[in-house]
S.K.: 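I have a structure I would like to understand better, so I am pasting it below and will then ask my questions one at a time.
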Amino acid sequence: AQSVTQLDSQVPVFEEAPVELRCNYSSSVSVYLFWYVQYPNQGLQLLLKYLSGSTLVESINGFEAEFNKSQTSFHLRKPSVHISDTAEYFCAVSVSGGFKTIFGAGTRLFVKA
Amino acid sequence: NAGVTQTPKFQVLKTGQSMTLQCAQDMNHEYMSWYRQDPGMGLRLIHYSVGAGITDQGEVPNGYNVSRSTTEDFPLRLLSAAPSQTSVYFCASRDGVRGNQPQHFGDGTRLSIL
């Protein structure tokens with residue numbers, strides 16, 4: 001069965017600094033990978049996804065994530081964060097050919113002025 | 001664009017009471033799912049459905065029932081509520097039953113069991 005580990009439960013960072021949120025997965029077969037963002041009292045929204053092809057994927061608001069098959073990782077990065085990026089971020093994995101999507105425990109990103 | 005609609009938004013129950021959490025989507029998605037969100041545990045899959053009349057268990061199905069009589073609706077039933085079921089519940093749907101599409105989430109139902 002697949003599983004997802006988000007290595008940091010909370011990440012505090014100053015505004016305009018770079019940030020990396022780490023995600024590792026385990027699966028014996030091919031996977032699809034997702035990052036979702038959750039703002040307070042809201043549902044989850046898709047941030048970016050890796051299905052196949054280029055291992056580097058980008059979102060419209062400056063986030064990027066790189067699929068690393070050998071290290072089974074899908075870390076999320078942003079070169080310069082804004083106060084508005086404060087939220088909880090979830091990494092998720094689906095197994096190729098499967099129905100279920102499994103989520104990590106989440107990482108709370110706090111951006112300080 | 002309604003998307004995924006969950007009702008109610010908040011609910012307080014007493015131990016042993018029953019309740020149905022409603023979920024409806026207007027995107028004609030075949031796949032629908034229910035998750036619970038607890039601090040430090042992320043989202044855990046309770047049940048999912050790949051179409052009308054077809055449901056299956058997720059990671060934490062005990063204490064919950066589901067049915068799927070139409071494509072649009074996927075209600076979650078608590079037959080006898082327990083304090084351990086205090087949580088935030090999210091319903092989601094996606095286009096296509098396989099996992100290569102992202103899910104669309106509702107705004108959640110915050111449930112407290114006393």
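Predicted model, so just to flag it, every value in this text is computed and none were measured. Here is the naming used below: chain letters follow the sequence lines, and residue numbers restart at 1 for every chain.
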S.K.: Tell me, side chain or backbone of B:Glu30 under 4.5 Å from chain A's heavy atoms, or both, or neither?
M.R.: neither

S.K.: For the backbone of B:His29 and the side chain of B:Gln25, can you confirm whether one donor and one acceptor N or O come within less than 3.5 Å of each other?
M.R.: yes

S.K.: Quick check, are the ring centers of A:Tyr36 and A:Phe103 under 6.0 angstrom apart?
M.R.: yes

S.K.: Report the distance from atom OG of A:Ser30 to atom CG of A:Leu51, rounding to the nearest 0.5 Å.
M.R.: 12.0 Å

S.K.: Taking every heavy-atom pair that is under 4.5 Å apart, which of B:Leu43, B:Val4, B:Asp107 has the most such pairs with chain A?
M.R.: B:Leu43

S.K.: Pick one of side chain, backbone, both or neither for A:Thr101, based on which atoms fall under 4.5 Å of a heavy atom in chain B.
M.R.: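 Contact with chain B: backbone and side chain both.
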
S.K.: Heavy-atom distances under 4.5 Å only: say whether B:Arg94 touches chain A with side chain, backbone, both or neither.
M.R.: side chain

S.K.: Would you check, one step at a time, whether the test salt bridge (charged side-chain N to carboxylate O under 4.0 Å, His left out) holds for A:Glu88 with A:Arg108?
M.R.: CA-CA 4 Å; A:Glu88 188 157 20; A:Arg108 288 188 179 274; 3.5 Å; yes

S.K.: Pick one of side chain, backbone, both or neither for B:Val97, based on which atoms fall under 4.5 Å of a heavy atom in chain A.
M.R.: both

S.K.: Under 4.5 Å from any heavy atom of chain A, what part of B:Leu45 do you find: side chain, backbone, both or neither?
M.R.: side chain

S.K.: Side chain from CB out, backbone as N, CA, C, O: work out which of these in A:Gln38 comes under 4.5 Å of a heavy atom of chain B, or both, or neither.
M.R.: side chain

S.K.: Give a yes or no answer on whether the side chain of B:Thr55 reaches the backbone of B:Ser49 with a donor-acceptor pair at less than 3.5 Å.
M.R.: no

S.K.: Is the shortest heavy-atom distance from the side chain of B:His104 to the side chain of B:Met27 under 4.5 Å?
M.R.: yes

S.K.: Examine distances only and state if a side-chain atom of A:Asn24 and a backbone atom of A:Gln71 form a donor-acceptor pair shorter than 3.5 Å.
M.R.: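 Such a contact is found between A:Asn24 side chain and A:Gln71 backbone.
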
S.K.: Measure distances from B:Gln37 to the heavy atoms of chain A and classify the residue's part below 4.5 Å as side chain, backbone, both or neither.
M.R.: side chain

S.K.: Answer with side chain, backbone, both or neither: which region of A:Lys100 has an atom nearer than 4.5 Å to a non-hydrogen atom of chain B?
M.R.: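 It is both, since atoms from each part get that close.
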
S.K.: Flag yes if A:Phe63 and A:Val57 sit in one hydrophobic cluster, no otherwise; membership is Ile, Leu, Val, Met, Phe, Trp, Tyr, and two members link when side-chain heavy atoms are under 4.5 Å apart.
M.R.: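 Linked within one cluster.
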
S.K.: Is the shortest heavy-atom distance from the side chain of A:Leu21 to the side chain of A:Trp35 under 4.5 Å?
M.R.: yes

S.K.: Identify which of A:Gly43, A:Gly106, A:Ala92 forms the greatest number of heavy-atom pairs closer than 4.5 Å to chain B.
M.R.: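 Greatest number of close heavy-atom pairs with chain B: A:Gly43.
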
S.K.: Can you tell me which portion of B:Gln6 sits under 4.5 Å from chain A's heavy atoms? Options are side chain, backbone, both or neither.
M.R.: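 No part of it gets close to chain A.
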
S.K.: Does any backbone or side-chain atom of A:Phe99 lie under 4.5 Å from a heavy atom of chain B? Answer side chain, backbone, both or neither.
M.R.: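 Both parts, backbone and side chain.
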
S.K.: When only pairs under 4.5 Å are counted, which of A:Ser52, A:Ser9, A:Gly98, A:Gly104 shares the most heavy-atom pairs with chain B?
M.R.: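 Highest number of heavy-atom pairs under 4.5 Å: A:Gly98.
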
